Colleague: 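My questions will all concern the structure given below.
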Amino acid sequence: MKPLSIPELTDHPALDIALDTVKRNKQALVFCNTRRSAESTAEKLARKIDSKSDDLEKLADEILNVLSSPTKQCRRLAYCIRKGMAFHHAGLASKQRKLVEDNFRNGRIKVIASTPTLAFGLNLPAFRAVIKDLKRYGGRWGLQYIPALEYHQMAGRAGRPDFNDTHGEAICIASTEKEAEDIVEKFINAPPENIYSKLAVEPVLRTYCLSLAATGFAHSKKELVDFFEKTFYGYQFQDMNAIESILDKMLNYLEEWEFIRQSKKDDFVSANSLGDDKIEVTKLGERVAQLYLDPFTAHQIITALRRATQKTATELSYLQLACSTLELRPLPSVRVKETDFIEAELNESSSLLIAFEPSVFEPEYDEFLKSMKLAIALESWMEEKTENEILEEFNIAPGELHLKRNLCDWILYAGEELAALLNFRDIIKNIRKTRFRLDKGVKEELIPLARLKNVGRVRARKLYRNGIKDIGDIKKADMTKLTQLLGEKTALNLKKQIGEDIEKVSKGKRKGQLGLGKY
DNA sequence: GGACGGTGAAACTTCAGGTTGCCTC
DNA sequence: GAAGTTTCACCGTCC
């Protein structure tokens with residue numbers, strides 16, 4: 001194949017290649033190693049494009065209005081979209097992600113600069129897959145080459161047989177001859193890495209131990225060992241003695257946490273028998289298994305709930321508990337300039353916290369600070385801060401906020417269930433309230449309004465500011481005012497929800513809805 | 001003389017991804 | 001390790 005000659009229009013070859021693809025009226029995916037880089041790549045490309053189209057203008061507006069108040073990320077994406085460029089990563093709101101994907105498929109968007117999200121799972125082929133970075137930051141090891149498997153995933157996006165492409169091009173960028181040789185050797189000619197069983201990780205192993213016992217699949221340690229022997233994990237591990245001792249450790253934890261009871265047979269009766277160590281699952285253990293919860297997390301929650309019965313726990317206490325579980329990881333990082341205010345907040349509310357709190361000198365302290373940061377961010381969501389404010393203040397993008405809110409809700413739901421089983425009635429009430437406010441993103445005063453269908457944080461606040469503060473006020477409010485605030489359909493709907501079926505207000509008189517800003 | 005604004009270099013900071021549960025407030 | 005962001009010194013202009 002003859003070498004491509006591509007004009008140098010920008011400061012990076014990956015961008016030049018992407019622009020060249022657009023010139024040929026084809027599509028490209030540019031894979032970047034960070035979200036920031038994906039965004040700036042798309043923006044730089046957009047700056048080089050001067051075409052315009054009505055379709056893209058419309059799409060950009062749609063992208064901009066996905067959230068009730070657009071974030072700077074929304075504005076940036078909308079700017080790119082206007083030029084037929086886009087970025088894609090987990091920080092996008094899910095609707096925006098879908099819009100980007102769909103409009104790449106239908107050809108309106110020409111280039112997507114993305115993190116590896118697009119390479120996994122999504123079927124989004126393009127004529128060219130440009131892999132801008134083959135290295136990624138790997139904690140204390142600095143920049144490291146990505147796995148060959150990941151390279152294959154990304155390169156595999158090149159070529160669209162469904163669109164009669166006869167070939168596709170996967171392009172890596174090297175800055176020296178030596179690097180080019182490295183890339184060929186490490187990625188293009190290299191087989192993918194071995195796959196290891198996920199069971200080999202302790203959290204997964206202990207979850208399965210408990211759930212196998214809880215579902216009656218295994219009644220003794222022997223049956224557990226038999227089961228794992230037949231799995232891919234057993235096949236890979238081979239050494240069943242080692243597995244047995246790992247299982248021993250897991251079972252001891254489960255027993256210590258009161259999820260199972262092990263009835264041991266006299267040791268000297270049968271020296272070699274794993275034999276008759278019966279496993280009995282407690283009520284608590286059964287519920288933990290049903291909740292698909294890592295037993296360690298469950299134990300962590302239960303310990304914290306016990307503490308909560310003995311002191312005043314606030315919503316922040318429950319949020320921070322949820323944020324300190326493994327399920328919420330990876331946690332958003334704490335920036336240097338944030339450390340001070342998080343520690344200040346910590347000083348203030350330390351007595352309220354119910355989860356384990358390491359000292360400054362322990363290695364867990366970093367993660368603890370992060371959990372505190374996320375908890376504060378979620379709390380400010382409940383205090384009605386907008387997505388943009390949270391992005392600016394905490395550097396947590398809308399998509400990520402949404403994901404963390406869901407995870408947090410799941411953990412808190414589990415906490416609620418466990419509290420019910422343990423008969424901690426007061427706690428249940430508080431967790432429910434926390435979950436509700438977290439779901440809706442409202443202050444306490446808006447709870448009665450936000451309970452109504454079709455009323456979220458925006459409408460509830462609008463009503464409240466106009467003196468309508470609860471169901472009683474909605475009953476009293478006249479339709480004209482409600483219509484003015486929320487529009488006719490929603491107003492009628494609200495009245496219906498509280499048991500009043502009102503005929504439509506006189507037609508033709510309808511004024512525009514009142515903007516939130518003015519009231 | 002001082003406030004202000006623009007510029008560029010140096011110093012500093014940050015870094016990918018995503019499934020599970022329930023109906024009740 | 002590299003790209004992006006912030007900070008800061010420096011200079012010119014204006015009032």
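Throughout, a chain's letter reflects where its sequence line sits, starting with A, and its residues are numbered from 1. No experiment lies behind these values; they were computed from the predicted model shown.
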Colleague: A/Tyr318 ring centre to A/Arg435 NZ or CZ under 6.0 Å, with the angle to the axis within 45°?
Modeller: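 A/Arg435 over A/Tyr318 ring: no.
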Colleague: Look at all strands and tell whether A/Arg97 reaches a base, only sugar-phosphate, or nothing, counting heavy atoms closer than 4.0 Å.
Modeller: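 A/Arg97: backbone/sugar contact only, no base atoms under 4.0 Å.
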Colleague: With a 6.0 Å cut-off on the ring centroids, do A/Phe228 and A/Tyr208 count as close?
Modeller: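 No, ring centres 6.0 Å or more apart.
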Colleague: Report yes or no: is the cationic atom of A/Arg76 (NZ for Lys, CZ for Arg) under 6.0 Å from the centre of the six-membered ring of A/Tyr79, at an angle within 45° of the ring normal?
Modeller: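 Ring-cation test returns no.
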Colleague: Any side-chain donor paired with an acceptor under 3.5 Å for A/Glu387 and A/His402?
Modeller: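 The criterion, which ignores hydrogens and geometry beyond distance, is not satisfied for A/His402 and A/Glu387.
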Colleague: From CZ of A/Arg35 over to C1' of C/dT5, roughly how many Å is that when rounded to an integer?
Modeller: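 After rounding, the gap between these two atoms is 18 Å.
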Colleague: Indicate whether A/Tyr292 forms a stack on B/dT20; treat it as stacked only if centroid distance is below 5.5 angstrom and interplanar angle below 30 degrees.
Modeller: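 So A/Tyr292 does not count as stacking on the base.
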Colleague: How far does the P atom of B/dT20 sit from the matching atom of C/dG1, given to the nearest Å?
Modeller: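 Straight-line distance between the two P atoms is 39 Å.
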Colleague: When all nucleic acid strands are considered with a 4.0 Å heavy-atom cut-off, which category describes A/Asp133: base, sugar-phosphate, or nothing?
Modeller: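 No contact at all - A/Asp133 keeps every heavy atom at 4.0 Å or more from the nucleic acid.
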Colleague: For C/dA2 and B/dG18, measure between their P atoms and round to the nearest Å.
Modeller: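 Per the computed distance, 27 Å lies between those P atoms.
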Colleague: So what does A/Ser37 touch, heavy atoms closer than 4.0 Å: a base, only the sugar-phosphate, or nothing?
Modeller: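 The residue A/Ser37 makes no contact with any strand.
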Colleague: A/Glu179 CD to C/dG1 C1': how many Å, rounded?
Modeller: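 Distance, rounded to whole Å: 12 Å.
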Colleague: Scan every strand shown for a Watson-Crick or G-U wobble partner of B/dA16, both distances under 3.5 Å, and answer none if you come up empty.
Modeller: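 When the pairing criteria are applied, nothing turns out to pair with B/dA16, so the answer is none.
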Colleague: For A/Phe120 and A/Trp410, take the nucleotide of DNA chain B holding the closest heavy atom to each; which residue's nucleotide lies nearer the 5' end?
Modeller: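 Mapping each residue to its closest nucleotide by heavy atoms, the 5'-most match is A/Phe120.
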Colleague: Any side-chain N or O of A/Lys44 below 4.0 angstrom from OP1/OP2 of C/dA3?
Modeller: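 Checking C/dA3 against A/Lys44, no side-chain N or O comes under 4.0 Å of OP1 or OP2.
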Colleague: I need the CD1-C1' distance between A/Ile411 and B/dG18, as an integer number of Å.
Modeller: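 For the pair A/Ile411 CD1 and B/dG18 C1', the rounded distance is 14 Å.
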Colleague: Any residue in residues 319-335 of chain A with a heavy atom nearer than 4.0 angstrom to DNA chain B? Just list them by number, or reply none.
Modeller: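 Residues of residues 319-335 of chain A that come under 4.0 Å of DNA chain B are, in numerical order, A/Arg329, A/Pro330, A/Ser333, A/Arg335.
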Colleague: Below the 4.0 Å mark, does B/dG17 have OP1 or OP2 next to a side-chain nitrogen or oxygen of A/Thr115?
Modeller: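 For A/Thr115, the contact criterion (side-chain N or O under 4.0 Å from OP1 or OP2 of B/dG17) is met.
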Colleague: Got a sec? Which of residues 412-421 of chain A come in under 4.0 Å of DNA chain B, heavy atoms?
Modeller: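 DNA chain B contact set from residues 412-421 of chain A: A/Tyr413.
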